[in-house]
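Following: one structure in C-alpha cells, then a few remarks.
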Amino acid sequence: MPKKLLCGKRILICGKGGSGKSTLVSLMASILQRKSYNVIVLDGDASNPEGLVRLLFGTGVEGEPTPLIEFFGGIDAVTCPVDDPSPLTRINDPNPVPQKRINVVEEIQPEYYLQKGSITLFQTGKIEAYGQGCDGPLEKVVRDFMVEGDAVNLIDMKAGIEHFGRRIPDRMDIILGVLDYTLESVSIAKRMDKFCREANIKNFYLILNKIGSEEVESMLMDKLADLQEKVIGLIPYDQELIKAGLSGNAIGECKSLEEVEAIMGRLEQVVSS
Ligand SMILES: Nc1ncnc2c1ncn2[C@@H]1O[C@H](COP(=O)(O)OP(=O)(O)OP(=O)(O)O)[C@@H](O)[C@H]1O
Ligand SMILES: [Mg+2]
C-alpha cells in the first residue's frame with residue numbers, strides 16, 4: 001500500500017472570490033477519499049451558506065452541521081486573533097487546542113459534523129444576524145481547530161486575503177492559492193506570496209483554474225512572472241463542474257478529477273521532500 005504522506009496535514013485553500021476554492025476543495029476531498037485517506041473538510045467561509053455541503057454531499061443531505069464556533073462557546077466567547085493571538089481552548093479546559101488536539105469521536109457531538117464515507121465536514125460558522133460583528137473569532141477556529149488522528153484537513157477559506165492579516169496560516173502545513181483567468185487573481189497571488197515570504201512559510205503553491213485554452217494559460221503564466229515555479233497544477237475550464245454546482249448535485253466524475261489527482265500527487269511529493 002502506498003505511503004499516505006498527507007496524513008495529518010492541514011491545507012488552507014484560498015484565493016480570489018469565485019476562483020473555484022470550494023470546487024477545488026470538493027475535488028480534492030474526492031481524490032483523497034479514493035486514495036484511502038480520511039478527510040476533514042472545514043468550511044471556513046462565513047458568508048457562503050450551504051455551498052460546500054452541496055458540492056460534497058449534494059442536495060439530498062438534510063440540514064447543516066452546528067457551527068464549530070458553538071463548540072467553543074459562541075462568537076462572544078472566542079476572541080479575534082488580532083486582538084488576542086492566544087490559542088483557542090475548549091469550554092472548561094485551559095489546555096490550548098493546538099497542544100492537546102481534539103478527539104472528534106470522543107469529544108464532539110455528531111450534530112457538529114456531516115459524514116459521508118471517509119469525508120467529515122465541519123463549518124466554523126456563518127453570518128447569521130445583522131450587526132453580528134467581525135468574523136475574526138471564526139477565523140481563530142480555522143487556525144486552531146486541530147484534531148487527533150491521521151485525517152488530511154482541507155480548509156476552504158472565504159475570498160480574499162484578510163486571513164493573512166490575521167496570521168491564520170501560522171498553523172497550516174500547506175497554503176494553496178487558487179487563480180482563475182483574471183488579473184485580480186494574479187495580484188492576489190502576488191500578495192499571498194509576499195505574505196508567505198514575510199512569514200517564512202515555505203509550502204505555498206498556486207493552482208490555475210478555469211483555464212480554457214493554451215493561449216490563456218500562457219498569458220496567465222507570463223503575468224505570474226517569477227511566481228511560475230509555485231504553480232503546481234492547472235484545472236481546465238470544465239462545464240461539468242458548472243453543471244454540478246448549478247444543479248446542486250455532489251461533484252462526481254469529471255475530467256478535472258484527473259488533474260486534481262496529479263496535484264495531490266505533487267503535494268505528497270513536496271511534503272515528503
Ligand atoms: N474548472 C472550472 N471550470 C469551470 N467552472 C468552474 C471551475 N471551477 C469552478 N467553477 C465554477 O466557478 C464558480 C465559482 O466556484 P466556487 O464556488 O468553487 O468558487 P469559490 O472560490 O469557492 O467562490 P467564493 O469566493 O464565493 O467562495 C462555480 O459556478 C463553479 O462551478
Ligand atoms: Mg467558496
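Just so you know, ligand 1 is whichever comes first in the structure, and atom 1 is the first atom listed for that ligand. Quick caveat, the model's predicted, so the values are computed rather than measured. Nothing fancy with the numbering, it's 1 onward along the sequence.
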Point to revise | Proximal protein residues to ligand 1, non-hydrogen atoms under 4.0 angstrom | key: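 Within the 4.0 Å shell of ligand 1, which is judged on heavy atoms, sit K16, G17, G18, S19, G20, K21, S22, T23, D45, N48, A159, N209, K210, I235, P236, Y237, D238, L241, I242.
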Practice item. Check the side chains of N203 and D173 for a donor-acceptor pair under 3.5 angstrom, ignoring hydrogens and angles. Key: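 No donor-acceptor contact under 3.5 Å links the two side chains.
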Review point. Would you say the side-chain atoms of N209 and S19 include a donor-acceptor pair closer than 3.5 Å?
Key: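 No, no side-chain donor-acceptor contact under 3.5 Å.
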Check your understanding: Which protein N, O or S atoms does the Mg ion (ligand 2) have within a distance shorter than 2.8 Å?
Key ->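 Result, waters dropped: S22 OG.
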Point to revise | Under 3.5 Å donor-acceptor, D135 side chain and A46 backbone | key: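 It does not hold such a pair.
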Practice item. Start with the C-alpha distance between K194 and E198, add both sets of side-chain angles, then the distance that settles salt bridge (Lys or Arg N to Asp or Glu O under 4.0 Å), and finish with yes or no. Key: CA-CA 6 Å; K194 172 180 174 288; E198 285 168 2; 2.7 Å; yes
Please determine if [X] and [Y] form a salt bridge, counting it only when a charged side-chain N lies under 4.0 Å from a carboxylate O.
{"X": "D45", "Y": "K21", "result": "no"}
{"X": "E64", "Y": "K126", "result": "no"}
{"X": "K16", "Y": "D180", "result": "yes"}
{"X": "D83", "Y": "K140", "result": "no"}

Point to revise | For Y112, the option from F72, F71, F122 that meets ring-ring contact (aromatic ring centres under 6.0 Å, His included) | key: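 It is F71, the one option of F72, F71, F122 that forms the ring-ring contact (aromatic ring centres under 6.0 Å, His included) with Y112.
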